[in-house]
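Before any comments, here is the structure.
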Amino acid sequence: MLPQLNFLKMKDLAKLTRFCSGNCIELPSLKQLQIVKCPELKAFILQNISTDMTAVGIQPFFNKMVALPSLEEMVLSNMGNLKTIWHSQFAGESFCKLKLMEVKFCKSLRTIFPHNMFARFLKLESLIVGACRSLEEIFDLQEVNSEETHSGAATQLRELHVFHLPKLTKLWNKDPQGKLIFRNLVVVRIFDCQSLKNIFPTSIARSLLRLETLSIKDCGSVEEIVANDGRGNDAATKFIFPSLTFLRLRDLPDLTTFYSGMHILECPELRKLEVNHVDVFTSEYIQEGQLDFPAQEPLFWFEKVFANLEELTLSKCIFTTWRQAQFHKLKILHFISDGSDFFQVGLLQNIHNLEKLVLSTCEYKKIFSCEEVEEHAEGIAQIKSLKLKKLWLIEEHLWNPDSKLDSFLQNLEFLEVKKCALSLISLVPSSASFRNLTVLKVCNCWQLISLVTPQTAKTLVQLRELRVSECNRLEEIVANDGDADDEIVFSKLKWLFLESSESITSFCSGNYAFSFPSLEDLIVENCPKLNTFSAGVLKTPRLQAVQNWELGEDFWAGDVNTTLQHLKEKVAKRRMTEVEYDSETSMSEENEAEEEEENVGGDPSAERPMTLSHTDEDEDEEYEDEDEYGEDDDIHSC
């Protein structure tokens with residue numbers, strides 16, 4: 001009996017086999033239990049510690065001798081010998097108050113909840129299960145329809161996160177048909193479960209009236225979202241998700257239908273949809289009389305699912321037909337994995353309120369074709385934000401000088417270019433004009449020599465933020481074309497950030513006059529060759545310092561050029577000092593080790609002081625799904 005214990009954590013105990021031995025243990029106040037990296041731990045309590053541990057290994061981790069009536073949060077992680085969590089019998093009200101449960105890296109575990117336990121876990125709100133390579137199911141419902149089960153029992157489960165379960169074939173292995181209800185589910189996220197065939201049984205799917213987020217990613221065997229119960233009902237089954245606002249279906253190559261039987265699907269509040277490598281829209285139509293019908297059932301019908309859609313992510317293989325779609329509220333459009341030479345501007349003709357266009361991991365040689373720009377100029381002109389990422393095949397400029405993008409560029413307010421590296425040597429043609437651009441970000445464009453021409457720079461009258469980072473061949477921001485008659489004024493630029501660009505020597509090498517009347521923050525970080533801002537007249541009336549985060553200081557030596565020279569010298573001196581210190585430290589450690597060996601006579605069994613490199617408060621290793629498709633993604637990190 002430990003009556004006052006409310007928190008218990010056991011971590012990195014390589015030889016621990018049990019918490020205690022005996023007939024019973026009671027922890028009446030325990031609310032939080034964490035067991036992490038205890039690979040030999042086979043049971044919480046062992047009745048006879050002399051028992052052969054091989055035989056004991058098959059027993060449940062928690063048995064009826066363990067009383068945990070107040071437990072609310074439990075984490076079991078990196079427990080290689082854990083095969084069964086629960087016994088069929090419990091001590092008193094044990095686990096009845098459990099709200100959060102996390103099970104990770106338990107390689108021998110096959111199931112989480114046996115069929116006889118659901119009445120005890122109805123208060124569970126959050127369940128996280130991941131990286132258990134033998135796990136075949138989460139909820140065992142084989143006996144849930146027996147007379148012992150209370151009819152219509154509703155769980156409090158709100159969040160379900162499942163990831164890296166290679167043998168998982170079903171979350172629920174049987175349809176409870178109303179005997180057990182999961183109507184409180186709000187978030188369901190599933191990632192990298194390659195044996196999973198479907199997600200929900202029919203009755204559970206029809207009860208998800210509060211579901212807000214459904215994310216399914218990288219599950220190569222998923223064929224349908226809702227399993228067909230096979231009852232052969234002639235009437236169409238209706239699935240209504242009145243609260244669903246975010247739906248992600250990514251990397252599901254075998255997904256062909258939402259539900260294989262006759263059905264109606266409605267998502268009236270859906271705001272964000274992400275799909276790739278999924279055939280969402282039908283591509284062939286057949287004619288019967290005067291009407292066109294799809295040759296095969298589409299995954300979604302536009303009017304039932306997309307009426308209020310604001311953000312849509314698609315890939316090339318699923319937009320072969322677009323003619324019936326009307327996206328009245330769509331504001332953000334994201335294309336990924338498009339194998340075309342150009343973005344198909346004609347796709348924007350049905351989108352009347354588009355503000356942001358994101359293009360990533362596409363094979364474009366130029367962003368837009370000249371012909372389509374002329375034909376669909378109105379669709380392009382509405383775009384205010386353009387984000388380009390991983391367009392490896394872009395040639396020389398983002399678009400051709402003769403592409404007639406004047407109207408489009410005049411309305412653009414935000415431009416970000418990231419990882420467009422192979423052939424992009426200048427951001428845009430010299431004729432480009434950005435009269436309304438306020439933010440320009442360029443990152444990881446390794447072949448860029450300069451950012452813009454002086455002609456384009458003169459149009460950046462609204463630019464407020466300029467960030468350039470990790471462009472290793474970049475020599476200057478504004479190219480030197482030899483004609484330095486006029487002053488170039490960045491009238492509203494307040495924030496200029498230059499980072500990790502090894503070749504940059506100046507903002508502009510030409511003898512141009514530059515004026516930055518609003519510049520307040522100039523940050524220079526890891527640009528070893530940058531020692532002159534510009535060769536011509538430079539005006540920065542509001543700038544009081546150049547910031548360097550490596551040194552943790554602000555510097556000012558009267559003007560920008562002199563300050564950059566002093567900053568370069570100080571950074572070089574600091575790095576030299578660090579190299580010398582590291583060298584001396586290394587030699588000192590070697591000498592101490594030699595002296596210690598001499599003092600103990602070379603005896604390897606001699607006792608040495610223990611150095612603690614980590615404290616018990618270190619965080620557990622986390623699983624994080626690093627998103628490939630942009631900053632707006634909200635993949636949960638378990």
Side-chain angles (χ1 to χ4, degrees), residues 103-113 127-142 160-176 182 185 187-205 208 211 213-230 237 239 241 246-261 263 265 273-283 296-300 313-318 336-337 623 625-629 633 635-636 638:
V103 182
K104 301 185 300 184
F105 301 103
C106 297
K107 62 183 181 181
S108 301
L109 194 62
R110 294 183 179 274
T111 188
I112 301 296
F113 294 109
L127 176 62
I128 301 169
V129 183
C132 300
R133 65 189 185 194
S134 299
L135 195 73
E136 298 176 357
E137 60 197 15
I138 305 293
F139 303 99
D140 178 7
L141 305 181
Q142 289 296 335
L160 175 61
H161 304 275
V162 177
F163 59 93
H164 293 325
L165 302 176
K167 292 188 177 181
L168 183 74
T169 57
K170 294 182 178 181
L171 298 174
W172 292 266
N173 66 1
K174 187 178 180 181
D175 192 331
F182 290 80
L185 269 172
V187 177
V188 175
R189 297 183 185 273
I190 303 167
F191 171 66
D192 188 23
C193 298
Q194 298 300 328
S195 299
L196 193 63
K197 297 293 184 182
N198 53 63
I199 310 302
F200 303 110
T202 302
S203 69
I204 291 178
L208 298 177
L211 185 66
T213 296
L214 175 59
S215 174
I216 308 166
K217 180 185 176 185
D218 195 18
C219 298
S221 298
V222 168
E223 299 173 354
E224 55 187 354
I225 305 302
V226 179
N228 192 336
D229 55 17
T237 303
F239 298 102
F241 299 94
F246 174 58
L247 174 60
R248 173 187 287 120
L249 303 174
R250 278 201 334 226
D251 301 312
L252 309 176
D254 289 349
L255 181 64
T256 57
T257 182
F258 187 86
Y259 175 75
S260 60
H263 69 281
L265 172 64
L273 172 65
E274 294 183 9
V275 286
N276 78 315
H277 302 301
V278 177
D279 290 325
V280 177
F281 313 124
T282 182
S283 59
Q296 67 179 39
E297 185 82 0
L299 190 61
F300 304 122
T313 299
L314 292 173
S315 61
K316 166 65 178 178
C317 60
I318 57 175
I336 55 178
S337 305
Y623 156 72
D625 176 24
E626 181 180 357
D627 182 69
E628 285 290 323
Y629 305 124
D633 200 327
I635 280 283
H636 176 77
C638 297

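Here CD1 of Ile112 is found 8.0 Å from CG of Leu165. Values are rounded to the nearest 0.5 Å. Atoms CZ and OG, on Arg133 and Ser108 in that order, are 7.5 Å from each other to the nearest 0.5 Å. Interatomic distance, CG of Leu247 versus OG1 of Thr313, reported as 11.0 Å (0.5 Å rounding). The structure places NZ of Lys167 at 14.0 Å from SG of Cys193, a figure rounded to the nearest 0.5 Å. Distance NZ/Lys170 to CG/Leu141: 10.5 Å, rounded to 0.5 Å. With rounding to the nearest 0.5 Å, the separation of OG1 in Thr237 from CZ in Phe258 is 11.5 Å.
Checking side-chain atoms of Thr111 against main-chain N and O of Phe139 turns up no donor-acceptor pair under 3.5 Å. A donor-acceptor contact shorter than 3.5 Å is absent between the side chain of Asn198 and the backbone of Val226. Between the side chain of Asn276 and the backbone N or O of Ser315 there is no donor-acceptor pair closer than 3.5 Å. Distance alone, capped at 3.5 Å, places no donor-acceptor pair between the Asp175 side chain and the Pro201 backbone.
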Problem set entry | Criterion side chain to side chain contact (heavy atoms under 4.5 Å, CB included) on Asp254 and Val222, from CA distance to verdict | CA-CA 6 Å; Asp254 289 349; Val222 168; over 6 Å; no
For this session: Could you please spell out the steps behind the side chain to side chain contact (heavy atoms under 4.5 Å, CB included) verdict for Ile138 and Leu127?
Result: CA-CA 10 Å; Ile138 305 293; Leu127 176 62; 3.8 Å; yes
For this session: Please lay out, stage by stage, how Tyr259 and Leu265 fare under the test side chain to side chain contact (heavy atoms under 4.5 Å, CB included).
Result: CA-CA 9 Å; Tyr259 175 75; Leu265 172 64; over 6 Å; no
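Ser195 has its side chain out of reach of Leu168: every pair of non-hydrogen atoms, C-beta onward, lies at least 4.5 Å apart. Between Leu255 and Ile216 the shortest side-chain heavy-atom distance does not fall below 4.5 Å. Within the 4.5 Å cutoff, no side-chain heavy atoms of Ile204 are placed close to those of Leu171. Side chains of Thr169 and Lys197 form no contact here, defined as non-hydrogen atoms less than 4.5 Å apart. Here the side chains of Phe182 and Trp172 are in contact, with some heavy-atom distance below 4.5 Å. No side-chain heavy atom of Ser134 sits under 4.5 Å from any side-chain heavy atom of Leu109. Under the 4.5 Å side-chain criterion, counting only non-hydrogen atoms from C-beta, Phe163 is not in contact with Asp192. Between Gln194 and Pro166 there is no side-chain heavy-atom pair separated by less than 4.5 Å.
Tested against Ser215 for a side-chain hydrogen bond (donor to acceptor under 3.5 Å, both in side chains), the candidates Glu274, Arg250, His161, Arg248 yield a single pass: Arg248.
With sequence neighbours excluded, the residues forming a side-chain contact (heavy atoms from CB on, under 4.5 Å) with Arg110 are Glu136, listed by chain and number. Residues passing the side-chain contact (heavy atoms from CB on, under 4.5 Å) test with Ser260 are Glu224, Asn228, Thr257, sequence neighbours excluded.
Ring pair Phe239/Phe241 is parallel by interplanar angle, where below 30° counts as parallel and above 60° as perpendicular.
Scanning all heavy atoms of the two residues, the minimum distance from Cys219 to Phe191 falls at SG-C, 4.5 Å.
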